[in-house]
Amino acid sequence: MIHMAGVGKWYGDYHALRNVSLDVARGERIVICGPSGSGKSTLIRCINGLETHDEGVIRIGEDEVRPDRRVLQRIRARVGMVFQDFNLFPHLTILENCALAPMKVRGLARDAAEALARELLERVRIADQADKYPAQLSGGQQQRTAIARALAMQPEIILFDEPTSALDAEMVKEVLDIMKALATEGITMLCVTHEMGFAREVADRIIFMDAGQIVETGSPHDFFTAPCHERTRAFLSRLLY
Amino acid sequence: MRYVRTAPEPVRPAPPRPKRPALRSIVSGGANLLTTAIIVLFAIRAVPHLLSWAVTHGVWNGDGDACRDAGACWAFLRAKMPFILFGIYPEAERWRPILVVLILGAATLWSLPRAHWTRATLGLWGVAIVASLLLMAGGRLGLSPVPTSAWGGLPITMLLTIFSLALGFPLGIVLALARRSDMPVYRWTATALIEVMRAMPLVTLLFVASVMAPLLLPAGVTADNLTRALVAFVLSSSAYIAEVVRGGLQGVPPGQQESARALGLGRSTVLLSIILPQAIRKALAPLTSTVVVIIKNSSLVLVVGLFDLLSAGRVSLNDPAWPTPYAETYLVIALIYFVICYGFARYALHLERTTQGGERRP
Ligand SMILES: Nc1ncnc2c1ncn2[C@@H]1O[C@H](COP(=O)(O)OP(=O)(O)OP(=O)(O)O)[C@@H](O)[C@H]1O
Ligand SMILES: [Mg+2]
């Protein structure tokens, strides 16, 4: 489903991704973790072309990610993304936020798009907020809207970049619950997060990054009970406090 | 020491908020008291004087002789109002500019409610403008032709303002976007245009347009004074609008563009549905002042010999049959401008208050 081989990325002279190779199967659920600045965001932003990689190959199915507007648009229609700070469109209602892309990209009629949006809002349990504006919602509700908005494109893959980091502790759970439910539905998930409980419960594979490299990958069981690399061990020991 | 709640605190409606007494807000504190006293004293002295000039000794009827050695000469304005409002437009055809003012005024009023912001309204404006130009110019449909040099007064003011905005707005947005473009050619061109337009006083720009245009235009192409002035207005308006819109664009967080693109939205959708609406909302307050300035700027066409409201007023003062009631004439013209500009400013304030999205309104 996702194929990355020898991917390199530089910000100016800073080598942000170093020879990253990763294959993700359809339906696989991956959690990416690692210290701040290790390149987690850069990695998943390269997958939908929000950042352009300088080296190597990234393929989504048959489509190669390259800086061509049409190709990128086609890929982004298949790859949803949820951001740390939600990035809902503040001038549109919750319903409009979710119905916009299906109308403009998939060409659905307004009625069909809004029906789809309502269905998804139901799924993330905020259907009753459909006509409010983002600023009138709590952080957790906003992030759930953002998930519904991404799902409205019926993507094959969904990318999360620290979806709960901007949330108060009490709202983290409501977002994680939605993500767990999603994980049982067969969508391919790549999730940058520090929620180790979520990782343990949901992930098929955990990827640990440090200084722009993939340092270790493994099943949650191996990762938590028998981390191999010293950086992983250091990271985990810090995380447990 | 230990406390555990046993019964829930009841939910109650908010208590009535005490209103700040008007008098208190006028006279609170020594400095305020002093200012208030000065203003009141001034008013006590000025108001009777003004009343005696305007009302007691004001002349409402009669001709020029009745006005000599009297107070305000309102009779002059009654006699000259048609000229001030419609300039030297042939008297027999005066119904045409009257109709134009009514059409444009009605179209403006119709466009105010947000619910009317539709494609149909845009089409309506197209029709209104074409009809207005046709009515003013004539030469078709059995209307006698009237050259633009004979147009005047309120229709000129309205047409100039509407064109400055209708053309200046899109052009200003294009300039603002170009100035933020990744392409150096666009960026430099837009920056140069905006900076030159803003650095040049509009009066100078009008002179340049009216004097230099014949030199710049290719042979055989002529543009009348009104068109030249219009070009100057549109360019200048667009430069100011561009800067205000650019400010708004800067206020839109980069995450908006990213999340829109991540959804697979195309470039134009991202721009038109996500970025611009937010930028314009953010720039609403400075846009209002810019628009008010543009409305008032239309009075500058008097320097190139066009008869807008203000110039028509000035010309009407030249009639030897009357004394020259400057104050009254300018007061009335100022009043017309005030009604238009203040009305617009209130409307913009209303828009700003009722604008959803962006920040929550308390
Ligand atoms: N646009 C940019 N320009 C320059 N440097 C950047 C840019 N974006 C990221 N970097 C740098 O690249 C490195 C990797 O950044 P990235 O955002 O991928 O880290 P991260 O693992 O997501 O960290 P965090 O947990 O803090 O989100 C960091 O050192 C960061 O400073
Ligand atoms: Mg990050």
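Proteins come first, then strands; the chains are lettered A, B, ... in the order of their sequence lines, and each starts at number 1.
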If you count heavy-atom pairs under 4.5 Å between each of A:Arg74, A:Arg149, A:Arg69 and chain B, which one has the most?
A:Arg69

Side chain, backbone, both or neither: which part of A:Leu88 has a non-hydrogen atom closer than 4.5 Å to chain B?
backbone

Neighbour count >12 (heavy atoms, 6.0 Å) for atom OH, B:Tyr342:
no

Among A:Ile75, A:Asn87, A:Leu100, which has the most heavy-atom pairs under 4.5 Å with chain B?
A:Asn87

Which one of A:Met153, A:Arg70, A:Arg106, A:Lys104 has the most heavy-atom pairs closer than 4.5 Å to chain B?
A:Lys104

Hey, which residues of residues 157-184 of chain B are touching chain A, say heavy atoms under 4.5 Å apart?
none

Quick check against the 3.5 Å criterion: does A:His91 have a side-chain atom that pairs as donor or acceptor with the backbone of B:Ile275?
no

Does atom CH2 of B:Trp188 have more than 12 heavy-atom neighbours from other groups under 6.0 Å away?
no

Need one label for A:Phe89: side chain, backbone, both or neither, based on atoms under 4.5 Å from any heavy atom in chain B.
both

For B:Phe344, does the CZ atom have more than 12 heavy-atom neighbours from other residues, nucleotides or ligands under 6.0 Å away?
yes

Neighbour count above 12 (heavy atom, 6.0 Å) for A:Arg110 CZ
no

Please classify the contact of A:Val79 with chain B as side chain, backbone, both or neither, using a heavy-atom distance under 4.5 Å.
backbone

Expected contact set for residues 255-268 of chain B against chain A at heavy-atom separation under 4.5 Å reads B:Gly255, B:Gln256, B:Glu258, B:Ser259, B:Ala260, B:Arg261, B:Ala262, B:Leu263, B:Gly264, B:Leu265, B:Gly266, B:Arg267

Are there more than 12 heavy atoms of other residues, nucleotides or ligands under 6.0 Å from atom CZ of B:Arg187?
yes

B:Trp117 atom CH2, neighbour heavy-atom count above 12 within 6.0 Å
yes

With a 4.5 angstrom heavy-atom cut-off, which part of A:Arg45 approaches chain B: side chain, backbone, both or neither?
side chain

